[in-house]
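Just so you know, ligand 1 is whichever comes first in the structure, and atom 1 is the first atom listed for that ligand.
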Amino acid sequence: MGILEGKRILVTGVLTDASIAFSVAKLAQEEGATVVLTGFGRLSLVERIAKRLPSPAPVLELDVQNNEHLDTLAARVGEHVEGLDGVVHSIGFAPQTALGGNFLNTSWEDVATALQISTYSYKSLAVACLPLMKEGGAVVGLDFDASKAWPVYDWMGVAKAGLESCNRYLARDLGKHNIRVNLVAAGPLRTMAAKSIPGFKEFEDSWPERAPLGWDLADTLPTARACVALMSDWFPATTGEIVHVDGGAHAIGG
Ligand SMILES: NC(=O)c1ccc[n+]([C@@H]2O[C@H](COP(=O)([O-])OP(=O)(O)OC[C@H]3O[C@@H](n4cnc5c(N)ncnc54)[C@H](O)[C@@H]3O)[C@@H](O)[C@H]2O)c1
């Protein structure tokens with residue numbers, strides 16, 4: 001019996017089969033969950049990728065900048081599952097001007113886009129799913145360690161710092177609904193989002209050396225395992241937490 005047996009999980013953020021969300025959805029199904037996916041923009045691509053999962057999973061459209069998509073999400077998810085036990089936020093975006101060393105010149109409009117999609121949407125998604133989580137459950141988001149200023153990560157780093165704070169406030173406000181809210185801070189992984197960061201190679205070169213356990217830039221499974229574990233019954237008293245899945249690099253200086 002899998003650790004998500006009988007659980008119903010909404011997974012956002014599948015774009016390619018390299019997406020962290022794809023790995024989470026696959027593992028969740030392998031662990032016994034019923035999975036519903038949301039996709040953004042290129043829905044036919046997401047539907048094609050979804051066919052590679054062990055079981056078919058419906059794909060619903062969700063642009064987190066679209067209030068109608070958010071307002072109707074619970075009803076649309078409700079056509080496939082009666083409730084939700086877990087929600088995965090695997091969404092991030094920043095305009096090119098907000099990344100790659102342009103920190104001092106980025107306009108507010110571009111910063112606002114990064115913050116709305118990468119930070120505020122964590123709250124929007126959790127609130128949109130609340131009507132389906134009457135028995136409690138778990139919300140999990142994907143983080144990149146925001147305790148330091150990194151090369152090239154720029155306003156996405158600020159967005160992730162906001163996400164870490166948002167995680168604590170959501171934990172505070174959703175605890176009374178018996179909903180746990182936690183982040184998984186992953187090391188660098190070669191996904192579409194990562195490829196769109198100019199200078200991402202700087203992380204690729206240094207991370208595997210810094211991490212005491214080493215780090216495989218192409219392996220999303222350790223990150224997916226942490227997400228699945230946090231949605232299981234094995235973390236019943238953990239909320240507002242950040243679990244680092246980075247080979248241990250966050251603990252090492254230099
Ligand atoms: N790849 C890494 O190195 C790494 C490391 C730590 C954390 N993360 C985080 O993991 C999460 C998933 O990213 P990934 O690396 O799997 O890349 P990815 O490109 O596969 O996934 C990013 C997802 O965000 C979605 N998205 C963008 N704008 C959206 C919008 N307006 N509405 C809804 N969805 C939207 C995209 O469609 C895509 O599915 C992100 O939060 C990212 O910051 C990534």
Side-chain angles (χ1 to χ4, degrees), residues 10-26 37-50 59-70 73 87-95 98-99 112-122 124-125 128 139-147 150 152-164 166-167 183-197 199-208 211 215-224 226-227 242-247 249-250:
L10 183 71
V11 180
T12 66
V14 171
L15 181 59
T16 68
D17 56 8
S19 294
I20 296 169
F22 179 81
S23 200
V24 176
K26 180 168 180 281
L37 301 176
T38 72
F40 164 64
R42 297 145 79 186
L43 275 202
S44 58
L45 172 63
V46 181
E47 276 159 5
R48 205 162 67 230
I49 298 294
V59 180
L60 311 176
E61 188 177 15
L62 177 64
D63 172 356
V64 293
Q65 291 191 295
N66 183 321
N67 286 334
E68 196 195 325
H69 287 186
L70 287 162
L73 184 65
V87 176
V88 180
H89 179 282
S90 190
I91 294 170
F93 174 79
L99 298 160
T113 300
L115 293 178
Q116 186 182 10
I117 298 177
S118 312
T119 309
Y120 184 76
S121 69
Y122 194 38
S124 313
L125 179 68
V139 176
V140 176
L142 273 305
D143 184 27
F144 189 73
D145 180 17
S147 63
W150 296 105
V152 307
Y153 205 49
D154 294 10
W155 287 99
M156 199 62 199
V158 177
K160 289 301 190 193
L163 185 73
E164 292 182 357
C166 188
N167 187 59
L183 291 174
V184 173
L189 292 161
R190 283 194 192 118
T191 62
M192 283 294 261
K195 280 183 197 149
S196 72
I197 301 174
F200 184 75
K201 202 175 174 317
E202 292 204 35
F203 292 116
E204 296 197 332
D205 293 342
S206 61
W207 211 277
W215 181 251
D216 183 347
L217 296 142
D219 186 6
T220 50
L221 186 58
T223 303
C227 294
I242 302 172
V243 177
H244 292 84
V245 180
D246 63 352
H250 72 282

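Under a 4.0 Å criterion applied to the non-hydrogen atoms of Gly13, ligand 1 contributes the atoms 21 (O), 23 (C), 38 (C), 39 (O). Those atoms of ligand 1 that come under 4.0 Å of a heavy atom in Phe144, given as number and element, are 5 (C), 6 (C). Interface atoms of ligand 1 facing Asp143, defined by a heavy-atom separation under 4.0 Å, are 6 (C), 7 (C). For ligand 1 and Ala186, the ligand atoms under 4.0 Å from any heavy atom of the residue are 5 (C), 6 (C). Atoms of ligand 1 lying under 4.0 Å from at least one heavy atom of Leu142, given by number and element, are 9 (C), 10 (O), 11 (C), 41 (O). Numbered from 1 in the order shown, with element, the atoms of ligand 1 that lie under 4.0 Å from a heavy atom of Asp63 read 30 (C), 31 (N), 32 (N).
For ligand 1, none of its N or O atoms has an N or O atom of Gln65 under 3.5 Å away. Ligand 1 has an N or O atom lying under 3.5 Å from an N or O atom of Thr191, backbone or side chain.
In this structure the side chain of Glu164 never reaches within 4.5 angstrom of the side chain of Asn167, judged on heavy atoms.
Contact annotation for Val14 and ligand 1: only backbone heavy atoms (N, CA, C, O) come within less than 4.0 Å of the ligand. Only the backbone of Leu62 comes within contact range of ligand 1, with a heavy atom under 4.0 Å; no side-chain atom does. Contacts of Phe200 with ligand 1, taken as heavy-atom pairs under 4.0 Å, involve the side chain alone. If you look at Arg190 next to ligand 1, there are no close heavy atoms at all, none under 4.0 Å.
Checking Val184, Leu221, Val88, Leu142 one by one against Ile20, the side chain to side chain contact (heavy atoms under 4.5 Å, CB included) holds for a single residue, Leu142. Just one residue in the list His89, Gln65, Gln116 forms a side chain to side chain donor-acceptor pair (under 3.5 Å) with Ser121, and that residue is His89.
Counting only heavy atoms of the protein, atom 29 (C) of ligand 1 lies nearest to Phe40 CD2, 3.4 Å. Of the protein's non-hydrogen atoms, the one nearest atom 32 (N) of ligand 1 is Val64 N, 3.0 Å. Of all protein heavy atoms, the one closest to atom 5 (C) of ligand 1 is Gly187 O, 3.5 Å. The closest protein non-hydrogen atom to atom 16 (O) of ligand 1 is Ile20 N, 2.9 Å.
Using a 4.0 Å heavy-atom cutoff, Arg42 is absent from the residues neighbouring ligand 1.
Heavy-atom neighbours of Lys26 NZ from other residues, nucleotides or ligands within 6.0 Å: at or below the threshold of 12.
Taking all heavy atoms of Ser90, Ala193, Pro188 into account, the minimum distance to atom 23 (C) of ligand 1 is reached by Ser90.
With Thr38 contributing its side chain and Leu60 its backbone, the two residues share no donor-acceptor pair below 3.5 Å. Between the side chain of Ser118 and the backbone N or O of Phe93, at least one donor-acceptor pair lies under 3.5 Å.
Aromatic ring orientation, Trp150 versus Phe203: perpendicular (interplanar angle above 60°, classes split at 30° and 60°).
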